[in-house]
Amino acid sequence: MTAHVLIAGAGIGGLGAALALAQIGLKITVLEQSDAFGEVGAGVQISPNAYKVLCDWGLADALKQTANFPERLQVRNVRSNKLLGQLEMGEKAQVRYGYPFSTFHRADLHALLLNAVRQRPNVELHLNAKISAVAESNQQVTVTTEAGNSFNADALIGADGLRSRVRQHVLGDSEPRATGHTAWRALLPIGHVPPELQQDQVTAWLAPDSHTIAYPVQQGKSLNIVYCDENNGQIGQFNGVNATQPAYLLPKQLSKVLQKVFQTATEQNAWTRWDLFDRPPMTSSTNMFNPAHPHIALLGDAAHPMLPYLAQGAGMALEDAQALAVSIKQNPNDLPSALQLYAQSRWQRNAKVQTRAARNGQIFHAKPPVSWARDAAMGVLGKKIMDVPWLYGYV
Ligand SMILES: Cc1cc2nc3c(=O)[nH]c(=O)nc-3n(C[C@H](O)[C@H](O)[C@H](O)COP(=O)(O)OP(=O)(O)OC[C@H]3O[C@@H](n4cnc5c(N)ncnc54)[C@H](O)[C@@H]3O)c2cc1C
């Protein structure tokens, strides 16, 4: 009999899992709490490791229609705009890792996955389906939604994000950790930004306690800009809230090019504020699969939320989804073993990425004299420091 799997959440991770599991022939039901499918109006970097996963799912042609392929990653000083280091991407990334380094508007990437999922007759998608309770009995999992509807299946995948209801059921641990860091995001029409920022590259400007990242998305039609800082108070209250540029940004002596972009984003009322949460790096596979709940596993931010400073949260969710399908394909008649093997195959990599993401924050936001040493090292070893073969070259 075909196994039936429930997936909580239709974010990038949930849709990736739905597609991967549908491709191996399972019956899938996706439950999404929102009243519409979608993603936030911001950019996302998809590095070669995650791009490979999407290509393995047959999405290579669709990806090319919406992706940007940055020619390089650059690191600059926030005040002088001086180049500190750079790593060639473009064709070179393709040669080094077999897959390109890419950037997307999130809505485009999400729509691409949704479209692929919708073409699968073995996937059912439900909106307005906020899971409020989970129960287990007789080799089955039952979830109940706030509207009072119940769904039964052979397994449940918690891809329901940072404040996962499924995680609460299987791990019962504390709330995610308020890191004290905040991301301010804006998306600007490319014609409204200085010419040097219209180039297809990812640029990071470093400063004590903050950094800014910018890259074009929507095949060069918009510039995605993210300003991240720490310790600015009122932490934990803002999630995608439209926000005016905080007054403390401008006096920070930004370079002219950044001042221009920040002013434009403020004039266009384009900033949204996101307070950032994470969890400590996972310490065992139990963080993704608790043997006491053998028909349930966690994936993506539900399992391993992290700071965005390695740009890998969505990438790890996609890798999780692929690993889950591989594991179930190898153990089609024993879902608990398949879920356990999935967690065992994933937790160490996810933990390493969580750790490195937090460490990148410390490096990006270093103060003098540490920042002087960092900048000097960038000048000599920039390429080596910025390249992460263990991450990008993962197969
Ligand atoms: C500023 C910023 C920049 C980032 N940049 C990058 C980047 O460049 N590259 C990268 O790879 N990652 C990046 N990330 C991380 C990435 O956005 C996340 O890791 C990724 O989106 C997680 O996907 P997910 O599907 O696991 O969770 P989510 O996207 O949170 O999806 C969870 C889904 O579950 C639904 N849901 C929640 N609760 C329930 C419930 N009870 N019942 C039913 N449905 C429910 C939600 O509505 C949502 O649709 C960034 C994050 C931030 C904050």
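Start at 1 with the first residue, then count along the sequence. All values derive from a computational prediction rather than experimental measurement. Just so you know, ligand 1 is whichever comes first in the structure, and atom 1 is the first atom listed for that ligand.
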Need the ligand 1 atom indices (1-based, order shown) with element for anything under 4.0 Å from a heavy-atom of [X].
X	answer
Gly315	11 (O)
Asp301	18 (C), 19 (O), 22 (C), 26 (O)
Leu276	53 (C)

Flag the pair Met386 / Val75 as yes when at least one side-chain heavy-atom distance between them is below 4.5 Å, and no otherwise.
yes

For [atom], grab the closest protein heavy atom and report residue, atom and distance to one decimal in Å.
atom	result
atom 28 (P) of ligand 1	Gly161 CA, 4.3 Å
atom 40 (C) of ligand 1	Ile131 N, 3.7 Å
atom 39 (C) of ligand 1	Gln33 OE1, 3.5 Å
atom 50 (C) of ligand 1	Arg106 NH2, 3.2 Å
atom 37 (C) of ligand 1	Asp160 O, 3.2 Å

Are side-chain N/O atoms of Asn331 and Ser337 paired as donor and acceptor at under 3.5 Å?
no

Parallel, tilted or perpendicular, as decided by the 30° and 60° cut-offs, for the rings of Tyr309 and Phe364:
tilted

Between Phe104 and His110, ring centroids under 6.0 Å
no

